[in-house]
Amino acid sequence: MIRTYDIGRSYQENYESGPQFDGPAREMPDTPLKDFLGFKVRSRIGIAAGLLLNSKWIEGYARRGFDILTYKTVRSAYRPCYDLPNWVFVEDDGNSEGPVYATEHPSSDPGEISSAVCFGMPSMDPDVWRADVSRAKACLSNGQVLIVSVVATPEAGTSPEEVAVDFANCAKWAVEAGADIVEANFSCPNVCTSEGTIYRDIELSRDIARVIRRAMEATPLLLKIGHFPEADQQSAFLRSLNGLVDGITLVNGISRPVLHRDGKPVFGEGFVNAGVLGRAIHDPSVASVEAARGAVAEHDLNLEILAVGGVSRKSDMADFFDAGADAVMLGSSPMYLPHFAVDAKRERPEW
């Protein structure tokens with residue numbers, strides 16, 4: 001199986017080399033334009049924040065038919081990646097909760113693959129990523145849009161007001177660099193600092209979103225959130241943020257213990273829990289999207305829903321669209337299914 005991201009190499013090496021594809025891009029089907037957050041797009045098929053490390057990655061996947069492309073989360077200061085390993089394949093023994101176990105031999109069926117990640121939201125210096133976002137935007141064709149994911153970088157003692165300003169500064173820089181849409185990442189399941197759990201505090205989320213909104217003016221704003229154990233909690237979050245943001249991206253992985261078979265944590269004692277991706281989280285992710293769509297309908301909310309979680313088959317994408325998603329974003333699977341979008345668009349041009 002060809003993998004465009006080499007999990008045995010460092011984040012920096014993958015950043016510098018760009019994606020390693022197994023051949024040229026396939027012929028692109030001619031699909032009708034669709035509406036998405038005020039833009040006309042060739043499809044509502046995209047890639048979530050994570051795999052697209054820089055403009056090299058954006059360009060490679062844009063040429064392969066992904067039309068909503070998310071630049072990996074950036075910060076207001078340089079942040080190195082955690083030490084290897086950062087990405088491992090896992091098995092979940094058929095359970096929806098509890099630990100998953102690392103394996104060096106993932107399924108030969110891409111639709112059955114699950115993985116876990118622990119990067120820590122690394123970021124290049126703002127001067128670097130701002131120039132590169134402009135290059136990424138220039139790579140896109142008609143009918144494609146660029147989302148830039150941003151996050152604050154709090155230090156010990158940083159006030160909520162300072163966190164909000166940090167988010168807003170990153171969002172403003174992203175817009176100036178060419179972002180069509182900004183996604184504020186309020187959830188990361190593998191950092192040990194407070195920026196990874198903002199979505200769990202509804203009042204704080206609303207306060208930060210208000211500051212970001214003022215800094216961005218009319219540019220569409222998304223919030224990326226994690227898994228809520230109860231639908232009522234998610235509904236309360238959506239109702240509170242309605243009118244401040246334009247949409248929600250969910251879910252940002254699901255945090256579970258990631259272990260070796262001997263019980264030792266794969267990513268070290270400081271990161272027993274990490275973000276699980278792929279097949280293991282598809283069903284709960286679909287349930288979250290279905291619940292979100294229900295809340296939007298019940299409370300007449302003006303929010304678009306970007307679904308992510310375990311999409312590696314066209315039936316997975318159909319699950320999300322049937323659940324009410326406005327767009328479906330792939331997370332880990334484009335690493336080993338780089339032609340997924342072209343194949344899906346050829347079969348389902350309405351997507």
So, does [X] use its side chain to make a donor-acceptor pair with the main chain of [Y] at under 3.5 Å?
X      : Y      : value
Asn185 : Val150 : no
Thr4   : Phe21  : no
Arg79  : Arg75  : no
Tyr61  : Pro19  : no
Gln144 : Ser141 : yes

Practice item. Give the C-alpha distance, both sets of side-chain angles, the deciding distance and a yes or no for ring-ring contact (aromatic ring centres under 6.0 Å, His included) between His282 and Phe320. Key: CA-CA 9 Å; His282 182 64; Phe320 276 130; 5.3 Å; yes

Surrounding [atom1] of [X] (heavy atoms of other residues, nucleotides or ligands, distance under 6.0 Å), is the total greater than 12?
X      : atom1 : result
Asp343 : CG    : yes
Glu13  : CD    : yes
Lys345 : NZ    : yes
Asp109 : CG    : yes

Could you grab the distance from atom [atom1] of [X] to atom [atom2] of [Y], nearest 0.5 Å is fine?
X      : Y      : atom1 : atom2 : value
Phe36  : Glu304 : CZ    : CD    : 6.0 Å
Ser333 : Ile113 : OG    : CD1   : 9.0 Å
Glu162 : Asn169 : CD    : CG    : 11.5 Å
Ile198 : Phe186 : CD1   : CZ    : 5.5 Å
Leu241 : Ser205 : CG    : OG    : 6.0 Å
Asn54  : Tyr71  : CG    : OH    : 5.5 Å

Pairing donors with acceptors under 3.5 angstrom, does anything connect the side chains of [X] and [Y]?
X      : Y      : answer
Asp132 : Ser55  : yes
Thr73  : Ser149 : yes
Tyr5   : Ser332 : no
Glu155 : Thr158 : no
Thr70  : Glu183 : no
Asp166 : Ser76  : yes

Give a yes or no on whether [X] and [Y] share a hydrophobic cluster (residues Ile, Leu, Val, Met, Phe, Trp, Tyr; joining criterion: side-chain heavy atoms under 4.5 Å apart).
X      : Y      : answer
Val163 : Tyr199 : yes
Val328 : Val41  : no
Met124 : Leu146 : yes
Ile181 : Val133 : no
Val88  : Phe271 : yes

Going by an N to O cut-off under 4.0 Å, is there a salt bridge joining [X] and [Y]?
X      : Y      : value
Arg313 : Asp316 : no
Lys40  : Asp35  : yes
Lys34  : Asp67  : no
Arg279 : Glu91  : no
Glu97  : Arg256 : no

Exercise for review: Mind running side chain to side chain contact (heavy atoms under 4.5 Å, CB included) on Arg130 and Glu176 for me, showing each step along the way?
Suggested key: CA-CA 8 Å; Arg130 291 168 72 179; Glu176 291 171 347; 3.4 Å; yes

Exercise for review: State which residue, out of Leu259, Val258, Val266, fulfils the side-chain contact (heavy atoms from CB on, under 4.5 Å) condition with Val272.
Suggested key: Leu259

Check your understanding: Just one of Leu51, Val308, Ile45 clears the side-chain contact (heavy atoms from CB on, under 4.5 Å) bar with Leu330, so which one?
Key -> Ile45

Point to revise | Test side chain to side chain contact (heavy atoms under 4.5 Å, CB included) applied to Glu347 and Lys314, step by step | key: CA-CA 9 Å; Glu347 184 174 320; Lys314 288 184 272 297; 2.8 Å; yes

Review point. If you take all heavy atoms of Leu277 and Ile281, which pair is closest and at what distance?
Key: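 Shortest heavy-atom separation between Leu277 and Ile281 comes out as CA-CD1, 4.0 Å.
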
Practice item. Begin with the C-alpha distance, continue with both residues' side-chain angles, and end with the deciding distance and a verdict on side-chain hydrogen bond (donor to acceptor under 3.5 Å, both in side chains) for Arg42 and Thr31. Key: CA-CA 6 Å; Arg42 284 291 172 192; Thr31 53; 4.9 Å; no

Taking the side chain as every heavy atom from C-beta outward, state whether [X] and [Y] have any pair of such atoms under 4.5 Å apart.
X      : Y      : result
Val74  : Trp173 : no
Trp87  : Ser115 : yes
Cys139 : Arg63  : no
Leu53  : Asn14  : yes
Ile68  : Ile147 : yes
Trp57  : Tyr15  : no
Phe321 : Arg348 : no
Glu203 : Asp201 : yes

Exercise for review: Taking side chain to side chain contact (heavy atoms under 4.5 Å, CB included) as the test, write out the residues that go with Cys81, two or more places apart.
Suggested key: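 Residues passing side chain to side chain contact (heavy atoms under 4.5 Å, CB included) with Cys81: Tyr11, Asn86, Phe119, Pro122.
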
Review point. Within 45° of the axis and under 6.0 Å from the centre of the six-membered ring of Tyr336, does NZ or CZ of Arg3 qualify?
Key: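 So Arg3 doesn't make the cation-pi contact.
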
Side chains of residues 214-238: which donor-acceptor partners sit under 3.5 Å, not counting sequence neighbours?
from   : atom 1 : to     : atom 2 : distance (Å)
His227 : ND1    : Ser288 : OG     : 3.4
Gln234 : NE2    : Ser288 : O      : 2.9
Ser235 : OG     : Arg239 : NE     : 3.2

Review point. For Leu52 and Leu69, what are the C-alpha separation, side-chain angles and deciding distance, and is it a side chain to side chain contact (heavy atoms under 4.5 Å, CB included)?
Key: CA-CA 8 Å; Leu52 306 182; Leu69 299 123; 3.9 Å; yes

Review point. Could you go step by step and tell me if Leu306 and Ile248 meet the side chain to side chain contact (heavy atoms under 4.5 Å, CB included) rule?
Key: CA-CA 6 Å; Leu306 284 69; Ile248 301 293; over 6 Å; no

Review point. So, do Phe340 and Phe66 have ring centers that fall under 6.0 Å from each other?
Key: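 Aromatic pair excluded; centres sit 6.0 Å or further apart.
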
Exercise for review: Take Tyr101 and Phe89 through the test ring-ring contact (aromatic ring centres under 6.0 Å, His included) and record every step on the way to the result.
Suggested key: CA-CA 8 Å; Tyr101 297 94; Phe89 294 103; over 10 Å; no

